[in-house]
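Remarks on the structure that follows.
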Amino acid sequence: MLKCTGFAAEAADAPLRQIHFERGEPGQSEVLIEVMYCGVCHSDIHQVRNEWNNTVYPCLPGHEVVGKVTKTGSEVKLHNAGDIVGVGCMIDSCRKCAACAEGAENYCHGPNSWLATYNGPMIPKAKAATGANSYGRDNTYGGYSSHIVVPEDFVLKIPASLKPEEAAPLLCAGVTTFSPMRHWGVKSGDKVGILGLGGLGHVAVKLAKALGCHVTVFTSSPDKHKAAEAFGADNVVLEGDDEAMKPLMASFDFILSTIPQKHDVNPYFPLLKRDKTLVAVGALEPMEPLNNMLTAFHRQSFAGSLIGSIKETQEVLNFCAERNIAPEIQLINIEGINDAFEKIVSGDVRFRYVIDMQATST
Ligand SMILES: [Zn+2]
Ligand SMILES: [Zn+2]
């Protein structure tokens, strides 16, 4: 067993604090990674605070992990000791279902769905049709830790031209916004709307601009106007500004909502062209009721999308490396994580906290 340290919460109302725990040695097809950086995602807060009613404690979050391979199993072919690599939201999947066969592991239909980087399988044994847990463990510990052990094919290559700390947020925020743009065929010249300008939203603006789109940001924060323009936004609209919305009617090819909690998407359907789609990626919870009169009127769709596949995650890393795209990050020490959570909830972060795990005293 490997002795590790990490920061975890023991209960929904408890702060994160340092724990000492053990991980299994890497198996034949697994790699051991020494964590260098870990992004702080809003999901980490939802999970720690049991806001999805499925948290397994202790909860040790972190799914935007970048580190160095320090040991490889005997059959590992994809990575070598010394490689700088990434780990996103998943560390395994059933590998048998149609989704896995198609390389869409993030939509795994296996009895326990995919194995999350933290908090164990997406479908725990109590809710699985088989009543069992095919992964053999009810909890997993994420990247707020000194080391992590992951099957080699769920480990991403970090291109040399990306700074490791800036690559970290691409592993969740990047792929979560990139995947739906690809799936719905967003292309050069399209008019794209981005709702929310936080960790996901600001990356979405940069990605959409790099795809050649005309981008409008909808934000509730007047003080984010300048930042939105600096990220390349062509237009910035303050939520609830009806006058600013009027000239935008029926003009958008795609709208992506990155708002991380329940919100009202109804005001945005009149902005979409006929047959176009509004996709929500930030809020994994019941939304304000949808007025189907609005969507029916011009045959529009409302859709969800969950992170992205391993292939898409590598694609977004390569895409950002080729186009010099980097998330806006603020480095913090793990000791500041509880304060960082508060600032994310209150919207004070600009725009993604990344924990420097190498600065952690163990
Ligand atoms: Zn995330
Ligand atoms: Zn599967």
Side-chain angles (χ1 to χ4, degrees), residues 37-49 51-52 54-55 59-66 86-123 128-130 132-135 140-144 148 151 153-154 156 167-180 196 198-204 207 256-261 280-285 304-313 316-317 327 329 337 340-341 344-345 349 351-355:
Y37 299 100
C38 187
V40 184
C41 177
H42 209 123
S43 296
D44 302 349
I45 303 169
H46 288 309
Q47 197 73 69
V48 162
R49 298 183 177 174
E51 288 167 359
W52 295 322
N54 68 346
T55 302
C59 177
L60 196 162
H63 62 202
E64 293 181 347
V65 190
V66 173
V87 179
C89 302
M90 306 176 281
I91 55 169
D92 209 349
S93 69
C94 87
R95 298 167 183 262
K96 292 174 190 150
C97 73
C100 287
E102 289 169 22
E105 312 85 3
N106 50 318
Y107 299 114
C108 175
H109 279 293
N112 303 102
S113 193
W114 41 276
L115 184 62
T117 304
Y118 61 86
N119 206 57
M122 292 300 280
I123 301 177
T130 54
N133 179 351
S134 54
Y135 298 111
T140 47
Y141 294 141
Y144 294 8
I148 191 164
D153 49 354
F154 279 75
L156 291 308
L170 299 175
L171 294 158
C172 173
V175 73
T176 296
T177 53
F178 186 75
S179 173
L200 267 64
H202 93 282
V203 177
L207 293 172
L256 185 71
S257 172
T258 68
I259 297 167
Q261 63 271 322
V281 291
L284 298 175
E285 59 192 72
S305 177
L306 190 68
I307 56 169
S309 66
I310 291 298
K311 183 166 173 275
E312 287 171 323
T313 311
V316 74
L317 288 163
I329 64 160
I337 190 63
F341 274 17
I344 290 169
V345 171
V349 57
F351 279 84
R352 196 62 145 189
Y353 288 124
V354 174
I355 307 163

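All ligand and atom numbering here is 1-based and tracks the order in the structure.
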Given side chains that start at C-beta, do those of [X] and [Y] come closer than 4.5 Å, heavy atoms only?
{"X": "Y353", "Y": "D44", "result": "no"}
{"X": "Y144", "Y": "L60", "result": "yes"}
{"X": "E64", "Y": "R352", "result": "yes"}

- Query: Passes side-chain contact (heavy atoms from CB on, under 4.5 Å), T117 versus F154? Steps please.
  - Reply: CA-CA 10 Å; T117 304; F154 279 75; over 6 Å; no
- At the Zn ion (ligand 2), what is the angle formed between atom SG of C94 and atom SG of C108, rounded to the nearest 10°? 100°
- Task: To the nearest 10 degrees, could you say what angle the Zn ion (ligand 2) makes with SG of C97 and SG of C100?
- Result: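 Rounding to the nearest 10 degrees gives 110°.
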- Task: Check the side chains of S309 and E105 for a donor-acceptor pair under 3.5 angstrom, ignoring hydrogens and angles.
- Result: no
- Task: Please determine which of N112, T140, L115 meets the side chain to side chain contact (heavy atoms under 4.5 Å, CB included) test together with D92.
- Result: L115
- Protein N/O/S neighbour count - the Zn ion (ligand 1), strictly under 2.8 Å: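 Of the protein's nitrogen, oxygen and sulfur atoms, 3 lie under 2.8 Å from the Zn ion (ligand 1).
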- Closest non-hydrogen contact found for P169 with V354 is CG-CG2, 3.9 Å
